[in-house]
Amino acid sequence: QVQLVESGGGLVQAGGSLRLSCAASGRTFSSYGMGWFRQAPRKEREFVATISWSGGSTFYADSVKGRFTISRDNAKNTVYLQMNSLKPADTAVYYCAAPCYVLASPTCTYWGQGTQVTVSS
């Protein structure tokens with residue numbers, strides 16, 4: 001049974017930072033892309049970032065470029081999202097997903113349950 005479990009969400013002031021983690025179990029994703037998405041209240045889920053199997057290629061939504069960094073540790077079957085200079089507009093439930101294909105416009109198979117990120121002004 002494949003599971004993706006996110007952690008690291010919380011409440012932070014604007015300008016602050018958070019680091020999200022997503023630990024996968026039940027299957028190794030070391031040969032596949034992985035990604036992060038988010039869904040704000042009353043909005044559709046949107047792409048945030050993806051990373052290739054080696055970590056050599058990364059893709060970001062324009063809204064987070066220069067502020068967020070996606071990384072992975074294949075030995076731990078884990079993907080991370082470092083979020084800096086957070087804005088109230090970043091408030092959402094953040095989901096990780098894997099495997100992901102076509103990383104610039106990804107389609108992903110398995111999804112985590114999400115972790116809430118709230119940025120106060």
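- With salt bridges taken as basic N to acidic carboxylate O contacts below 4.0 Å, one links Asp62 and Lys65.
- Residues Ala98 and Cys108 share a closest heavy-atom pair of N-CB, 4.4 Å.
- For the pair Val79 and Ser71, the tightest heavy-atom approach, listed with the atom from each and the gap, is CG2-O, 3.2 Å.
- In this structure, the side chain of Asn74 does not engage the main chain of Phe29 through any donor-acceptor pair within 3.5 Å.
- In this structure a side-chain-to-backbone donor-acceptor pair under 3.5 Å is missing from Glu6 to Ser21.
- In terms of heavy-atom proximity, Tyr110 sits nearest to Arg27 at CE1-NH1, 3.6 Å.
- At a threshold of 4.5 Å between non-hydrogen side-chain atoms, the residues Met83 and Leu20 count as touching.
- The CD1 atom of Ile51 sits 10.0 Å away from the OG1 atom of Thr69 when rounded to the nearest 0.5 Å.
- Separation of atoms CG (Asn77) and OG1 (Thr28) is listed at 4.5 Å; rounding is to 0.5 Å.
- Atom-to-atom distance recorded for Ser63:OG and Phe47:CZ is 9.5 Å, nearest 0.5 angstrom.
- Cation-pi geometry between Arg19 and Tyr80 is met: the NZ or CZ atom falls under 6.0 Å from the ring centre, inside 45° of the normal.
- The main-chain N or O of Gly9 is found under 3.5 Å from a side-chain atom of Thr115 such that the two form a donor-acceptor pair.
- For the residue pair Cys100 and Gly35, the shortest heavy atom distance occurs at SG-N, 3.7 Å.
- Under the 4.5 Å side-chain contact rule for hydrophobic residues, Leu103 and Tyr95 share a cluster.
- Contact record, Arg67 with Ser85: NH1-O, 3.0 Å, taken as the closest heavy-atom pair.
- A donor-acceptor pair shorter than 3.5 Å can be found between the side chains of Ser17 and Asn84.
- Remark: Leu18 CG to Phe68 CZ distance equals 9.0 Å, nearest 0.5 Å.
- Ring to ring, Trp111 and Phe37 are close: their centroids are under 6.0 angstrom apart.
- Between the side chain of Thr78 and the main chain of Ala23, no donor-acceptor pair closer than 3.5 Å is present.
- Atom-to-atom distance recorded for Leu81:CG and Tyr60:OH is 7.5 Å, nearest 0.5 angstrom.
- The side-chain contact (heavy atoms from CB on, under 4.5 Å) test with Arg38 is passed by exactly one of Val64, Thr91, Val93, Val117: Val64.
- Gln39 CD to Tyr94 OH: the interatomic distance, rounded to the nearest 0.5 Å, is 12.0 Å.
- Taking each heavy atom of Tyr32 and Pro99 in turn, the nearest pair found is CB-CB, 3.5 Å.
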